[in-house]
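Please read these numbers as outputs of a predicted model, since none were measured by experiment. What's counted below: heavy atoms across the whole structure, side chains too, no hydrogens, waters or symmetry copies.
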Amino acid sequence: MNRFGKALLVAALVGVVGMAFRVSWNALRDVATATGADETAAFLYPFVVDGLMALALVATLVLTGDARRFALRVLAAYTLASLVLNYVHGLVPELHDEVVNWGRLADWDPANWALVLLATSLPVGSIYFGSDLVAKVLHHRPIEAPTPTPNQDESTETIMKRSTADLEVSTPTPITPAPAPAELPAGPVVSLVKSTDRVPVGAVAAESPRPRRVTGRVPGAARSVRPNRTADELLTEARKATKKWSDRELTAEGIRKAVRTSPAKARVLRDTLRAERETKAPAPTEAAPGTDKAA
């Protein structure tokens, strides 16, 4: 339904309720006069009864849960009370006259007592129930449903797949010893051995006695792309990188940055390259035998 149709429907509802109030207003005013209300009180009495019905109807549309059920009970109770008083007004012709016998709404005394109690208790009930309904409406906080995003289902499925992949346990790959390094060129060569623990660079460390903790798969982006290099390959790269370096520039830190290796291997490479340079340096010439210094 478009906006014009909704406005027309609301206008029709307001018109029907207004006409129904006018019909009920006459009966409730006469009943109030019969119970001892003055002219002003009798004029306002229909607003007390039917007005609370309208308030309960609005609260029913706004509230939810237990508060909404309470508003429905109030609406039903006051609707029934208004119906009874309108019914009594139609059965008792004396209520239509200007001079009314006060306190008599029925010939049978128990019925008269019940009707008088009902008519006089409705204004007090309007104060109590009306205040409670207004307080419930003012303190009501509607619960907003979360708006689903277009990719919510896809993101949930992706997270579930990732969680399942993380739970999978990968079988540890057996460690194979690295191949022995090739022989270096002839000449005095410093062995690629650490000075502290004397473990060859290419050797594989012994497996720790502690139990290995099994983890999930390592993502492909986190894996190292560069393969492990042997001692000969590192030495060859270091020779090329430091070919034009002076002896002063030949440091472990510079070699480490040039070939991108560990500090320990860089120190070993530095010692090897220095030894090679010392071997290639020309030896000082000795004086010929039998020559005199003075000459």
Side-chain angles (χ1 to χ4, degrees), residues 151-289 291:
N151 298 329
Q152 185 175 7
D153 297 336
E154 297 179 3
S155 60
T156 305
E157 183 179 358
T158 304
I159 293 174
M160 292 178 62
K161 290 183 178 180
R162 290 180 179 175
S163 302
T164 306
D166 292 340
L167 292 176
E168 295 180 1
V169 180
S170 59
T171 306
T173 306
I175 301 176
T176 57
E183 296 182 357
L184 297 177
V189 179
V190 180
S191 176
L192 298 179
V193 177
K194 293 184 180 179
S195 59
T196 56
D197 49 4
R198 310 297 294 177
V199 177
V201 177
V204 180
E207 188 175 357
S208 175
R210 293 182 299 177
R212 298 180 60 184
R213 183 173 59 181
V214 180
T215 59
R217 293 181 178 177
V218 179
R223 296 176 182 175
S224 178
V225 181
R226 192 166 188 174
N228 294 331
R229 292 168 292 178
T230 62
D232 290 341
E233 293 175 349
L234 284 175
L235 184 57
T236 303
E237 292 183 11
R239 286 171 179 166
K240 293 180 181 180
T242 61
K243 185 176 181 180
K244 297 181 180 181
W245 290 13
S246 63
D247 293 341
R248 190 173 183 179
E249 295 175 346
L250 190 62
T251 60
E253 182 65 19
I255 296 173
R256 185 187 68 81
K257 293 180 179 180
V259 299
R260 296 182 181 179
T261 184
S262 63
K265 294 181 180 180
R267 289 193 296 269
V268 177
L269 292 171
R270 177 199 61 188
D271 297 339
T272 304
L273 293 175
R274 285 182 178 178
E276 289 182 354
R277 291 192 177 189
E278 291 177 358
T279 304
K280 293 179 181 180
T285 57
E286 297 181 358
T291 59

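- Atom CZ of R229 and atom OG1 of T261 lie 5.5 Å apart (nearest 0.5 Å).
- To the nearest 0.5 Å, atoms OG1 (T272) and NZ (K265) are separated by 13.0 Å.
- Among all heavy-atom pairs drawn from L250 and R270, the shortest one is O-CG, 3.9 Å.
- The side-chain hydrogen bond (donor to acceptor under 3.5 Å, both in side chains) check on R256 picks up E253, with sequence neighbours excluded.
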*Report the C-alpha separation of L235 and L273 in whole Å, then their side-chain angles, then the decisive distance to 0.1 Å, and conclude whether the side-chain contact (heavy atoms from CB on, under 4.5 Å) test is met.*
CA-CA 8 Å; L235 184 57; L273 293 175; 4.1 Å; yes
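- In this view, A258 and A241, W245 satisfy the side chain to side chain contact (heavy atoms under 4.5 Å, CB included) rule, not counting sequence neighbours.
- Smallest separation of non-hydrogen atoms from T251 and R248: CG2-O, 3.7 Å.
- Residue E249 holds its CD atom at 10.0 Å from OG1 of T242, rounded to the nearest 0.5 Å.
- Minimum heavy-atom separation, K243 to R277: O-NH2, 4.3 Å.
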